[in-house]
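Report on the structure given below.
Numbered from 1 within each chain, the chains take letters A, B, ... in sequence-line order. Because only heavy atoms are used, hydrogens play no part in the values below, and waters and symmetry mates are left out as well, while side chains stay in.
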Number of protein chains: 2
Amino acid sequence: MLSKKTKYGIKALTYLARQDSKNPVSIATISKSENISVKFLESILLTLKKNGILGSKKGIGGGYYLIKNPKDVPMTTVMRILEGPIAMVPCVSLNYYEKCDDCPDEGTCAVHKLMIQIRDNSLKIFRNTTLAELAN
Amino acid sequence: MLSKKTKYGIKALTYLARQDSKNPVSIATISKSENISVKFLESILLTLKKNGILGSKKGIGGGYYLIKNPKDVPMTTVMRILEGPIAMVPCVSLNYYEKCDDCPDEGTCAVHKLMIQIRDNSLKIFRNTTLAELAN
DNA sequence: CTAATACCCTATCGGGTTAGTAGGATAATA
DNA sequence: TATTATCCTACTAACCCGATAGGGTATTAG
């Protein structure tokens, strides 16, 4: 299951990508438009900022804005920040590899074999899909 | 993340698929071979039985056995029984569709658009992978 | 018939995560 | 200086996961 955190995060990002200008948009505005709890959204946008996706501006007329061009933001980046590793099992993760305690040999492990395929395909999709494409 | 339930289930199924004869194998035997908690494995095999994947035999010399030929068991079936829907979001699920409360229009929803692709690809892999292939 | 074996079933439980809330600190602007 | 809006920490209720406990029931060996 996709977490609501990721779901809301993607929605907020595409909302910003659809904006004509690069002017900051307040949490409240995004929250209202996308039907997301203000406080929850606040924490999501903050982590996106800390990870270099968003910039922010305080005070009147402030809010959040995209730092990069939407077509330069692949979904791999967004997913890894919000949802964590792409792989469904640590033993097939590229960035967060971890050996299974129970599994003596990955070469003969059925789960490993199956999940490698899933990871490769998901990775391909996330890599080839940018924020710009989702915004259209 | 893939649940341990599914992970262990797949391991147990491939263990059975690798067996030469169709003789029942006891929970204890599989548990020992695959390093899985006996009681936990017990509940997993029971649900696999209830869903028509496994048969069982009680008493001495009893255990679990595959009902069908391994090459007639696609991973879609196994995944749906143990892990639940293939889709990461209910609004793109084929068998368990559910509309999102917050989303006014699926046609313009970025999450929907992205997750449809993921679902299609995962589905293709699970459908084309049988127990027999994983066992080799 | 009886005891041993091994599946069948329900209930429970600790620990961790998730989704959301509360409340104030800090910075920018009018 | 008041207002706006982000920043930050802490907290909590609800939920799910993995595992365990403790029997009940069917089958088979002797």
A:M75 and A:T130: CA distance, side-chain angles, deciding distance, side-chain contact (heavy atoms from CB on, under 4.5 Å) verdict: CA-CA 6 Å; A:M75 293 312 290; A:T130 68; over 6 Å; no
For the pair made of CE in B:M1 and P in C:dG16, what is the distance, rounded to whole Å? 14 Å
If hydrophobic clusters are built from ILVMFWY residues whose side chains come within less than 4.5 Å, do B:V73 and A:M115 share one? yes
Quick one: on DNA chain C, does A:V38 or B:K57 contact a more 5' nucleotide (nearest heavy atom)? B:K57
Closest to the 5' end of DNA chain D, once B:T6 and A:A28 are matched to their nearest nucleotides, is A:A28
A:N23 atom CG is separated from C:dA28 atom C1', nearest whole Å, by 16 Å
If I take atom CZ in residue A:F40 and atom P in nucleotide C:dT21, what distance separates them, rounded to the nearest angstrom? 10 Å
Do the side chains of B:I67 and B:I81 join up, straight or via other hydrophobic residues, at under 4.5 Å, putting them in one cluster? no
Atom CG of A:L82 and atom C1' of C:dA19 are separated, to the nearest Å, by 14 Å
Distance-minimising heavy-atom pair for B:V92 and B:A87: CG2-CB, 3.6 Å
Grab the CG-P distance between A:L2 and C:dT17 for me, whole Å please. 18 Å
Would B:E83 and B:S3 count as a side chain to side chain donor-acceptor pair (under 3.5 Å) if you check the C-alpha gap in whole Å, the side-chain angles of each, and the deciding distance to 0.1 Å? CA-CA 7 Å; B:E83 192 73 7; B:S3 69; 2.8 Å; yes
Give a yes or no on whether the backbone of B:I36 and the side-chain of B:S31 come within a donor-acceptor separation of less than 3.5 Å. yes
Find every protein N or O atom lying less than 3.5 Å from an N or O atom of nucleotides 9-15 of chain C, and list the pairs.
unit_1 : atom_1 : unit_2 : atom_2 : d
C:dC9  : N4     : B:E42  : OE2    : 3.0

Are B:L13 and A:I116 grouped together when hydrophobic residues (ILVMFWY) are joined by side-chain heavy atoms under 4.5 angstrom apart? yes
Need one value for A:I27: base, sugar-phosphate or nothing, where a base atom within 4.0 Å counts as base even if backbone is also close, heavy atoms only. sugar-phosphate
For B:Y64 and C:dC8, is the shortest distance between a side-chain N/O and OP1 or OP2 below 4.0 Å? yes
Any donor-acceptor N or O pair under 3.5 Å, side chains B:K49, B:S56: yes
Reading DNA chain D from 5' to 3', where do the contacts with chain B start and stop? Cut-off is 4.0 Å to heavy atoms. D:dG18 to D:dA29
Length of the CD1-C1' vector between A:I60 and C:dT26, whole Å: 15 Å
Is there a path of hydrophobic side-chain contacts, each under 4.5 Å between heavy atoms of I/L/V/M/F/W/Y residues, joining A:L48 to A:V38? yes
Check whether any side-chain N or O of B:K49 sits under 4.0 Å from OP1 or OP2 of C:dC8, and answer yes or no. yes
